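Everything numeric in this text was worked out from a predicted model, so none of it was measured.
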Amino acid sequence: MEYKVSTKQVTIGAEEFVSRYRDVERIRVFCTQCPSFGKVWSCPPFDFDARTVSDGFATVTVTGTTIEFDEETRAACKTTEQSSATGREAMEQVWKSLLPSLYEQERAIPGSRCFTFRCSLCPEGCTRPSGKPCRHPGKMRHSLESVGFDVVAITRDLLGIELAWSTDGSLPKHLTLVTALFQH
């Protein structure tokens, strides 16, 4: 599998970001269609108001990390299953190097909070389905989508990236992981 990774980043005022891109009720409808809904602690429904997690910050730095596949890799994916597996594998590889960097940025800026692509702290599976508390509540972070942000609009408007989707089971030309660091 061959791919190249590129990054685009922009900083915007938090108040403007929230007013333009947060719509908890509309985005929650999409969340209910996801297989992770209610099954992992980083996904809704929550026992807190998702509208409050972004309160009190001054700026938001949004990062789009794009994984662009070469034509040979895309052509090798003959089935929907192969396309899904290739996309997942590439995202996992990129995520393993990206997540520590996000935590480091958060540690370097006191009072900041990162919003990640997804939680991947428990490879053995999340404790939520068994009714147990999160194993890593101090490390677990939410995605922007899970707390009501429109990632499609964010990537298009702020980063100039159109998210790619497969409509026929093929591997898209690129996949984009979107993260954010909210700062005081």
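Between the side chain of Glu106 and the backbone N or O of Leu102 there is no donor-acceptor pair closer than 3.5 Å. Proximity of a side-chain donor or acceptor of Thr155 to a complementary backbone N or O of Leu163 within less than 3.5 Å is not detected.
Side chains of Thr179 and Thr116: a donor-acceptor N/O pair is absent below 3.5 angstrom, by distance only. A donor-acceptor contact closer than 3.5 angstrom is absent between the side chains of Asp49 and Thr52. Side-chain atoms of Thr176 and Thr66 form a donor-acceptor pair, as typed in the model, at a separation below 3.5 Å. Donor-acceptor pairing under 3.5 Å is recorded for the side chains of Thr63 and Gln9. A donor-acceptor contact under 3.5 angstrom links the side chains of Ser54 and Arg22, judged on distance only. His184 and Arg113 share no side-chain donor-acceptor pair at under 3.5 Å.
The shortest heavy-atom contact between Pro172 and Ser166 is CG-N, 4.1 Å. Across Ile12 and Arg20, no two heavy atoms sit closer than the pair CD1-NH1, 4.1 Å. Annotation for Leu175 and Gly87: closest pair CD1-CA, 3.7 Å, computed over non-hydrogen atoms. For the pair Pro110 and Ala108, the tightest heavy-atom approach, listed with the atom from each and the gap, is CD-O, 3.4 Å. Here the closest heavy-atom approach between residue Pro100 and residue Ser97 is recorded as CD-O, 3.6 Å. Pairing each heavy atom of Met140 with each of Tyr103, the nearest pair is N-OH, 4.5 Å.
Both Val18 and Leu158 belong to a single network of hydrophobic side chains, linked directly or stepwise wherever heavy atoms of I, L, V, M, F, W or Y lie under 4.5 Å apart.
Using a cutoff of 4.0 Å between basic side-chain nitrogens and carboxylate oxygens, Glu2 and Arg74 are not scored as salt-bridged. Salt-bridge check for Glu104 with Arg107: passed, with a basic side-chain N closer than 4.0 Å to an acidic carboxylate O.
Within the 6.0 Å centre-distance limit, the rings of His142 and Phe46 are counted as a close aromatic pair.
Enclosure of atom CD in Glu15 is not indicated, since only 12 or fewer non-hydrogen atoms of other residues, nucleotides or ligands lie within 6.0 angstrom. Within 6.0 Å of CD in Glu72 there are 12 or fewer heavy atoms belonging to other residues, nucleotides or ligands.
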Review point. Can you list the steps and then say if Arg28 with Phe37 is a side-chain contact (heavy atoms from CB on, under 4.5 Å)?
Key: CA-CA 10 Å; Arg28 183 64 38 87; Phe37 184 80; 3.9 Å; yes
Check your understanding: Are Arg156 and Ile161 close enough, and set up right, to give a side-chain contact (heavy atoms from CB on, under 4.5 Å), and what steps lead you there?
Key -> CA-CA 5 Å; Arg156 180 191 61 232; Ile161 300 170; over 6 Å; no
Review point. Under the salt bridge (charged side-chain N to carboxylate O under 4.0 Å, His left out) criterion, do Arg26 and Asp150 qualify, and how do the steps go?
Key: CA-CA 9 Å; Arg26 184 174 67 82; Asp150 185 342; 2.5 Å; yes
Practice item. Verify side-chain contact (heavy atoms from CB on, under 4.5 Å) between Arg135 and Leu121, making sure each step is shown before the conclusion. Key: CA-CA 9 Å; Arg135 289 181 191 100; Leu121 295 171; over 6 Å; no
Practice item. For salt bridge (charged side-chain N to carboxylate O under 4.0 Å, His left out), just list the numbers for Lys173 and Glu71, CA-CA rounded to whole Å, side-chain angles, deciding distance to a tenth of an Å, and then say yes or no. Key: CA-CA 8 Å; Lys173 184 174 179 155; Glu71 287 305 316; 5.0 Å; no
Review point. Do Thr127 and Cys122 pass the side-chain contact (heavy atoms from CB on, under 4.5 Å) test, and can you show the C-alpha distance, the side-chain angles, and the key distance before you say yes or no?
Key: CA-CA 9 Å; Thr127 57; Cys122 298; 5.9 Å; no
Practice item. Give the C-alpha distance, both sets of side-chain angles, the deciding distance and a yes or no for side chain to side chain donor-acceptor pair (under 3.5 Å) between Gln183 and Thr61. Key: CA-CA 8 Å; Gln183 304 161 62; Thr61 300; 3.0 Å; yes
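A 4.5 Å side-chain heavy-atom check between Lys4 and Phe69 finds every atom pair outside the cut-off. Put simply, the side chain of Val94 reaches to within 4.5 Å of the side chain of Tyr3, judged on heavy atoms. The shortest side-chain heavy-atom distance between Cys114 and Gln105 does not fall under the 4.5 Å cut-off. At least one side-chain heavy atom of Thr86 sits under 4.5 Å from a side-chain heavy atom of Thr73. At a threshold of 4.5 Å between non-hydrogen side-chain atoms, the residues Glu145 and Phe30 do not count as touching.
Cluster partners of Ile109, by chain and number: Leu181. The rule joins Ile, Leu, Val, Met, Phe, Trp and Tyr whenever side-chain heavy atoms lie under 4.5 Å apart.
With sequence neighbours excluded, no residue satisfies ring-ring contact (aromatic ring centres under 6.0 Å, His included) with Trp41. Partners of Phe17 according to the ring-ring contact (aromatic ring centres under 6.0 Å, His included) rule, which considers only residues two or more places apart in sequence or in another chain, are Tyr21, Phe149, Phe182.
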